[in-house]
Amino acid sequence: MGSFASDEQGLGISARYLALLLPLTLAGCLTDSDDSGRSLSFTSDRGVASQPFPSNYRTEIPAFMRNYLTEPAGLHDTAMADPVQRTIGGRLRYVSCLQYAVREADGSYHAPQEVAIVYVDGRLERAAENASELCAGATYAPFPELAKLSR
């Protein structure tokens, strides 16, 4: 029983050293080898390079908004601006702007709200609710697909 206690104690010390060294080792793996100052990214984000046009945006947006909105049914005054390139956080992105009015519980509608849909590498990444700057000068056209949403 004495030798078991000493083995257990030896493993405890090794485990402590491993717990200290593992994060340092992994941090070394995360450095950028070309020293360009770029941050770590899990996508092939090309930053300021030319982004591919989001070719499926007309079908992706209704699918995304069905999940994004608490109650997607009964949207009114739906409109969309086709994707255009904008600089967001120093990186070039395609942005498509949406306008829609949500139906309230009493059946009335609030003024239309504006949301910017941001794309990275041709894929829908996220919605930005503070869209006034991103959507400044957007040319909207009716977007009936958004008005047809249901839960």
Side-chain angles (χ1 to χ4, degrees), residues 12-151:
I13 292 171
S14 297
R16 275 186 253 161
Y17 285 120
L18 181 60
L20 291 173
L21 292 176
L22 185 60
L24 294 173
T25 304
L26 290 175
C29 294
L30 296 177
T31 60
D32 195 3
S33 62
D34 67 0
D35 295 327
S36 66
R38 292 181 293 165
S39 63
L40 175 68
S41 177
F42 294 105
T43 65
S44 59
D45 180 6
R46 292 181 288 283
V48 295
S50 179
Q51 288 280 310
F53 186 81
S55 58
N56 296 325
Y57 71 96
R58 291 194 74 87
T59 56
E60 287 180 342
I61 287 175
F64 174 78
M65 293 302 286
R66 182 175 291 113
N67 293 319
Y68 177 76
L69 295 169
T70 305
E71 183 53 56
L75 297 179
H76 193 62
D77 296 331
T78 58
M80 179 180 66
D82 290 334
V84 295
Q85 289 190 329
R86 301 268 194 241
T87 302
I88 302 173
R91 295 184 180 268
L92 197 57
R93 302 282 186 249
Y94 270 99
V95 176
S96 182
C97 297
L98 301 176
Q99 282 184 340
Y100 55 89
V102 177
R103 182 176 24 187
E104 296 300 317
D106 66 0
S108 67
Y109 288 91
H110 277 280
Q113 55 191 33
E114 195 171 46
V115 172
I117 304 296
V118 180
Y119 300 88
V120 175
D121 291 332
R123 294 184 312 260
L124 195 150
E125 180 193 45
R126 64 185 167 93
E129 290 184 1
N130 298 330
S132 59
E133 186 177 322
L134 290 173
C135 294
T139 303
Y140 287 95
F143 190 46
E145 294 94 324
L146 202 56
K148 295 176 185 174
L149 292 181
S150 63
R151 195 29 91 178

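Hydrogens, waters and symmetry mates play no part in the numbers below; they use all other heavy atoms, side chains included.
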Residues in side-chain contact (heavy atoms from CB on, under 4.5 Å) contact with V102, at least two apart in sequence or another chain: L75, Y100, Q113
All side-chain hydrogen bond (donor to acceptor under 3.5 Å, both in side chains) counterparts of E129, not counting sequence neighbours: Y68
Point-to-point distance, once rounded to the nearest 0.5 Å, from CD of E60 to OG of S55: 7.5 Å
Partner set under side-chain hydrogen bond (donor to acceptor under 3.5 Å, both in side chains) for E71, not counting sequence neighbours: none
Contact list for residues 116-151, test disulfide bond (SG atoms under 2.5 Å apart), sequence neighbours left out: C97-C135
Pairs touching residues 134-146 that satisfy side chain to side chain donor-acceptor pair (under 3.5 Å), sequence neighbours left out: R58-E145, E114-Y140
Partners meeting side-chain contact (heavy atoms from CB on, under 4.5 Å) with S108 (sequence neighbours left out): E104, D106
Ring pair (Phe, Tyr, Trp, His ring centres under 6.0 Å) involving F53 - partner list, sequence neighbours excluded: Y57, Y94
Residues in side-chain hydrogen bond (donor to acceptor under 3.5 Å, both in side chains) contact with N67, at least two apart in sequence or another chain: none
Heavy-atom side-chain contact between Q51 and R93 under 4.5 Å: yes
D82 backbone acceptor or donor facing S96 side chain under 3.5 Å: no
Salt bridge (Lys or Arg N to Asp or Glu O under 4.0 Å) partners for E125, two or more places apart: none
Distance (rounded to the nearest 0.5 Å) between M65 CE and I117 CD1: 5.5 Å
Beyond-backbone contact of L149 with P62, side-chain heavy atoms, under 4.5 angstrom: yes
Inter- and intrachain pairs under ring-ring contact (aromatic ring centres under 6.0 Å, His included), touching residues 101-131, at least two apart: H76-Y109
Salt bridge (Lys or Arg N to Asp or Glu O under 4.0 Å) pairs, two or more places apart, involving residues 61-70: none
With S150 via side-chain hydrogen bond (donor to acceptor under 3.5 Å, both in side chains) - residues at least two apart: none
Euclidean distance, M80 CE relative to I61 CD1, rounded to 0.5 Å: 5.0 Å
Nearest-0.5 Å distance that lies between atom OG1 in T59 and atom CG in L124: 10.0 Å
